[in-house]
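What follows is a set of notes on a single structure, which appears directly below.
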Amino acid sequence: MVRVRFAPSPTGLLHIGNARTALFNWLYAKRYKGSFILRVEDTDVARSEKRYTEQIIEDLRWLGLDWQEGPGVGGDYGPYIQSERLHLYREFSHKLLNDAKAYHCYCTPQELEERRQTARSAGKPPRYDNRCRNLSDEQRNAFEGAGRPSSIRFVVSEEVVAFEDLVRGRCAFDMGLVGDFVIMKSDDTPSFHFAVAVDDALMKITHVIRGEDHLSNTPCHILLFRALGYDPPLFAHISLTMGPDRTLLSKRHGAASVSEYRRLGYLPEALVNYMALLGWCPGDKREKFNIEDAVKKFDVKDISKSASIFDQQKLDWLGSQYLREANLDRLTDLSIPHFKQSGLIQDGFDRAKIKSIVEAVRPGLSRLLQIPDEARFFFEEPTLDKKVTELLSSNTAERILTAMLKKLQQISGLDKSSPYGDKFREIVKDIGVETSLKGKALLMPIRLALTGKERGPELFAIAPILGLEECKKRIENALLILTKK
RNA sequence: GGCCCCAUCGUCUAGCCUGGUCUAGGACAUCAGAUUUUCGAUCUGAGAACUGGGGUUCAAAUCCCCAUGGGGUCACCA
């Protein structure tokens, strides 16, 4: 039975890199019909915040990554929030203390920091020198008497620890090179290493799929598992995601969290598809695939070993693919909040109209937030700026618009479903014949007058949505500005 | 700095394990053409890579070594 876990720490929003790790864990669990477990690692009291826990949970749900055990769903190995498991870490740390596999360290953070600095400037590795490992009783009593707080450190044995990483193959580390590390902080909460080992052991995790940044932590965890009397799980260290400058993806690179991409209006299936593509491919030539397809083919051993750079353009491309094939009613529902937020509609709006606007506007867009922007001219009369009026200031433009206005005044409606077919198209056709203009020369002035923009949706889709009166008004308006010049 | 991981078009990658079928395939982006009476969208096409050096071999993108480059880690952060 495969049991994998995603263990975010609620010290910030769900980062794209972490979300990808969660996705790979989720895919692996689904692929092998195992359990995906969510565990909240909130042992950093100073930086953890409840709102982040909530936000992370919301983001995972939005992405569609459901968990079989964890906050909100329970499970046999709970609690799944580390701050509710403190008694367990204390218990296990005392066990290690009794077995002489751990000891109290009285060094203060300031002392440790100073030593690290001097070591670093001397060109030496900034590791702990194990100085409290063999404290005499007198020394210990002196520290205790002075009321010095202590942390608990793990006795790291000098040996080479090797393991078979599922993506990297055999990895070996000389533990003689690493210092004894803290397992319980002086505030009696566990360090990351300890909490991870205890929880992964107790929760019977079979595969630890996590970022490559944990690769060199792994031997520490293996030693801990052994000291605690458990078999270590299998490890799979997946490559990291970088920004365009090849440094670790972070806020500096712009949007870096799932919430931000959500706010920008990417469809969750597009984001999931893109994250899966970062360091993994389904083996065939498809780039666009849904999560179920990914489940069928996914395996950690196929994950690329090298780091990958987050490519906004490719995400946008995928975003546009999903946007154009999304169910139109769903898309309409999803974009309505964005319309409201940009002040384009209020309660009591015409849903059918919004739907046709969304349909007209969606090709070429990659996310929901772009929809109201692209559709703004449907709601607000365009302000013809200097550039547009310049583009319009040819006498052919004036001829076209004058003819158009005249023809529009002679008809009673632009309705696409009128028995006369597409009136607007007919009118344009006639004007084309009359002026012997065609193509861009013919259509661009009309587009500019109607929308105020050089680019936008299909012109013949715009007019019927705008309606006859609005079209007349806008053309009149454009002519007014032109003749005034 | 020590240790560890990694290295194919600008980017994501296929191929590497099990050398020959690779004059290295696909996708995004770029450029060009076509099409839509249209900017965009769409379609078609083009340019674009095995980091370098040594081996091993009849043969190396593929196996080995070194160099270089990138990244990670060495916290009472996770």
Side-chain angles (χ1 to χ4, degrees), chain A residues 7-12 18 41-44 46-48 105 107-109 112-113 116 119-128 149-153 165 167-169 171-174 177-179 181-193 195-196 211-220 237 239-240 242 244 246-248 274 277-281 283-288 301 304-318 320 324 362-365 374 425 428-429 431-432 437-444 446-448 451 453-460:
Chain A
S9 78
T11 53
N18 291 134
E41 305 211 332
D42 60 344
T43 56
D44 184 343
R47 294 196 302 148
S48 293
C105 168
C107 302
T108 65
L112 293 166
E113 183 53 34
R116 267 196 294 275
R120 223 186 285 269
S121 49
K124 287 194 199 142
R127 52 161 278 196
Y128 179 61
S150 68
S151 62
I152 301 174
R153 282 183 189 270
D165 189 275
V167 351
R168 269 149 234 285
C171 296
F173 293 83
D174 180 0
L177 266 23
V178 333
F181 55 87
V182 169
I183 55 172
M184 291 296 282
K185 306 178 221 171
S186 54
D187 65 358
D188 211 23
T189 63
S191 72
F192 160 75
H193 297 297
V196 162
E212 198 202 319
D213 49 340
H214 290 299
L215 189 60
S216 42
N217 293 150
T218 304
C220 299
H237 288 94
S239 54
L240 268 18
M242 324 294 267
R246 291 178 183 281
T247 64
L248 225 54
Y274 181 68
L277 231 35
L278 239 28
W280 183 76
C281 78
D284 49 34
K285 301 223 157 146
R286 284 181 310 154
E287 304 275 327
K288 178 172 169 293
K301 68 177 197 311
S304 152
K305 289 198 269 262
S306 50
S308 42
I309 295 171
F310 191 90
D311 183 2
Q312 184 68 43
Q313 286 179 318
K314 191 142 183 179
L315 203 215
D316 283 340
W317 173 73
L318 272 171
S320 72
R324 90 182 48 214
R362 90 216 276 205
L365 260 34
E374 187 81 353
R425 193 184 284 270
V428 172
K429 193 177 168 189
I431 297 174
L437 288 167
K438 60 176 183 174
K440 189 175 174 179
L442 174 65
L443 296 182
M444 191 48 83
I446 302 171
R447 170 182 295 282
L448 289 169
T451 73
K453 290 196 297 184
E454 283 176 84
R455 54 149 303 184
E458 163 72 32
L459 185 58
F460 297 113

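Per chain, numbering begins at 1; letters A, B, ... match sequence-line order.
Spacing between B:G1 and B:C28 at atom C1', rounded to whole Å, works out to 40 Å. With P as the reference atom, B:C64 and B:A27 are 32 Å apart, rounded to whole Å. Comparing the C1' positions of B:G53 and B:G69 gives a spacing of 14 Å, expressed to the nearest Å. Rounded to a whole angstrom, the distance from the C1' atom of B:A32 to that of B:A24 is 24 Å. Comparing the same atom, P, in B:U35 and in B:U11 gives a spacing of 35 Å after rounding to whole Å. B:C50 sits 15 Å from B:C63 when the C1' atoms are compared, rounded to a whole Å. Between the C1' atoms of B:C9 and B:A14, the separation comes to 13 Å (whole Å). Comparing B:G20 with B:U56, their C1' atoms sit 16 Å apart, to the nearest whole Å.
Within 4.0 Å of A:K288, counting heavy atoms only, lies no atom of the nucleic acid at all. The residue A:V428 sits close to a base: some heavy atom pair falls under 4.0 Å. Backbone-only engagement by A:T43 is indicated by non-hydrogen atom pairs under 4.0 Å involving sugar-phosphate atoms exclusively. Counting any heavy atom pair closer than 4.0 Å across all strands shown, A:P457 reaches a base atom. Counting any heavy atom pair closer than 4.0 Å across all strands shown, A:R168 reaches sugar-phosphate atoms only and no base atom. Using a 4.0 Å heavy-atom distance criterion, A:V178 is classed as making no nucleic acid contact. Nucleic acid contact for A:G432: none, since no nucleic acid atom lies under 4.0 Å from a heavy atom of the residue. In this structure, A:Y128 reaches the sugar-phosphate backbone alone: every heavy-atom distance under 4.0 Å involves primed, P, OP1 or OP2 atoms, never a base. Residue contacts shown for A:G283 are absent, as no nucleic acid heavy atom lies under 4.0 Å away. The residue A:L459 sits close to a base: some heavy atom pair falls under 4.0 Å. Residue contacts for A:N217: at a heavy-atom cut-off of 4.0 Å it reaches a base atom on one of the strands shown. Across all strands, A:H214 comes closer than 4.0 Å to base atoms (heavy-atom distances). Using a 4.0 Å heavy-atom cutoff across all strands shown, A:A7 reaches no nucleic acid atom at all. Within 4.0 Å of A:M184, counting heavy atoms only, lies no atom of the nucleic acid at all.
Of all heavy-atom pairs spanning A:E212 and A:L240, the tightest one is N-CD1, 3.3 Å. Considering all non-hydrogen atoms of both residues, A:S48 and A:T43 come closest at OG-N, 4.4 Å.
Pairing of B:A61, defined by two Watson-Crick or G-U wobble distances under 3.5 Å, is not identified with any nucleotide. In this structure, B:U73 forms a base pair with B:G2, meeting either the Watson-Crick or the G-U wobble geometry with both donor-acceptor distances under 3.5 Å. Using Watson-Crick or G-U wobble geometry with both donor-acceptor distances under 3.5 Å, B:A49 finds no partner in any strand shown. Nucleotide B:A14 forms a pair with no other nucleotide shown, judged by Watson-Crick or G-U wobble geometry with both contacts under 3.5 Å. Base pairing analysis places B:A78 opposite nothing; no Watson-Crick or G-U wobble pair with both distances below 3.5 Å involves it. Nucleotide B:A32 is matched to B:U44 when pairs are restricted to Watson-Crick or G-U wobble geometry with both distances under 3.5 angstrom. Partner assigned to B:U68 is B:A7, using Watson-Crick or G-U wobble distances below 3.5 angstrom.
Of the side-chain N and O atoms in A:R324, one or more sit less than 4.0 angstrom from OP1 or OP2 of B:U42. Remark: A:R246 is in phosphate contact with B:U11, judged by side-chain N or O atoms under 4.0 Å from OP1 or OP2. The phosphate of B:C76 has OP1 or OP2 within less than 4.0 Å of a side-chain N or O from A:R153. For A:S308 and B:U13, the shortest distance from a side-chain N or O to OP1 or OP2 is below 4.0 Å. Within the 4.0 Å cut-off from OP1 or OP2 of B:A27, not a single side-chain nitrogen or oxygen of A:R286 is found.
Side-chain proximity of A:L442 to the nucleotides B:G26, B:U37, B:G1 is greatest for B:U37. Checked against B:A78, B:G2, B:C28, the side chain of A:L177 finds its nearest nucleotide in B:G2. The side chain of A:Q313 lies closest to B:A29, out of B:A29, B:G26, B:G1. With B:U37, B:U13, B:A78 as the candidates, the nucleotide lying closest to the side chain of A:K185 is B:A78. Nearest nucleotide to the A:L248 side chain, out of B:C12, B:G72, B:C74: B:G72. Among the nucleotides B:U13, B:U11, B:G26, the one closest to any side-chain atom of A:S304 is B:U13. Of the candidate nucleotides B:C39, B:U37, B:G72, B:C39 has the atom nearest to the side chain of A:K440. Nearest nucleotide to the side chain of A:D213, out of B:C76, B:C28, B:U73: B:U73. Comparing B:U11, B:G25, B:G71 by their nearest atom to the side chain of A:K285 picks out B:G25. In the set B:C76, B:U73, B:U13, the nucleotide with an atom closest to the side chain of A:R116 is B:C76.
Salt-bridge annotation for A:K440 and A:E454: absent, with no side-chain N of the basic residue lying under 4.0 Å from a carboxylate O of the acidic one.
The base of B:C4 does not come close enough to the side chain of A:S216 for any donor and acceptor atom to sit less than 3.5 Å apart. Below the 3.5 angstrom threshold, one finds no donor paired with an acceptor across the side chain of A:E454 and the base of B:G40.
Residue A:M184 holds its CE atom at 6.5 Å from OG1 of A:T189, rounded to the nearest 0.5 Å.
Distance A:L278 CG to B:U13 P: 6 Å, rounded to the nearest Å.
With sequence neighbours left out, A:R286 forms a side chain to side chain donor-acceptor pair (under 3.5 Å) with A:D284, A:D293.
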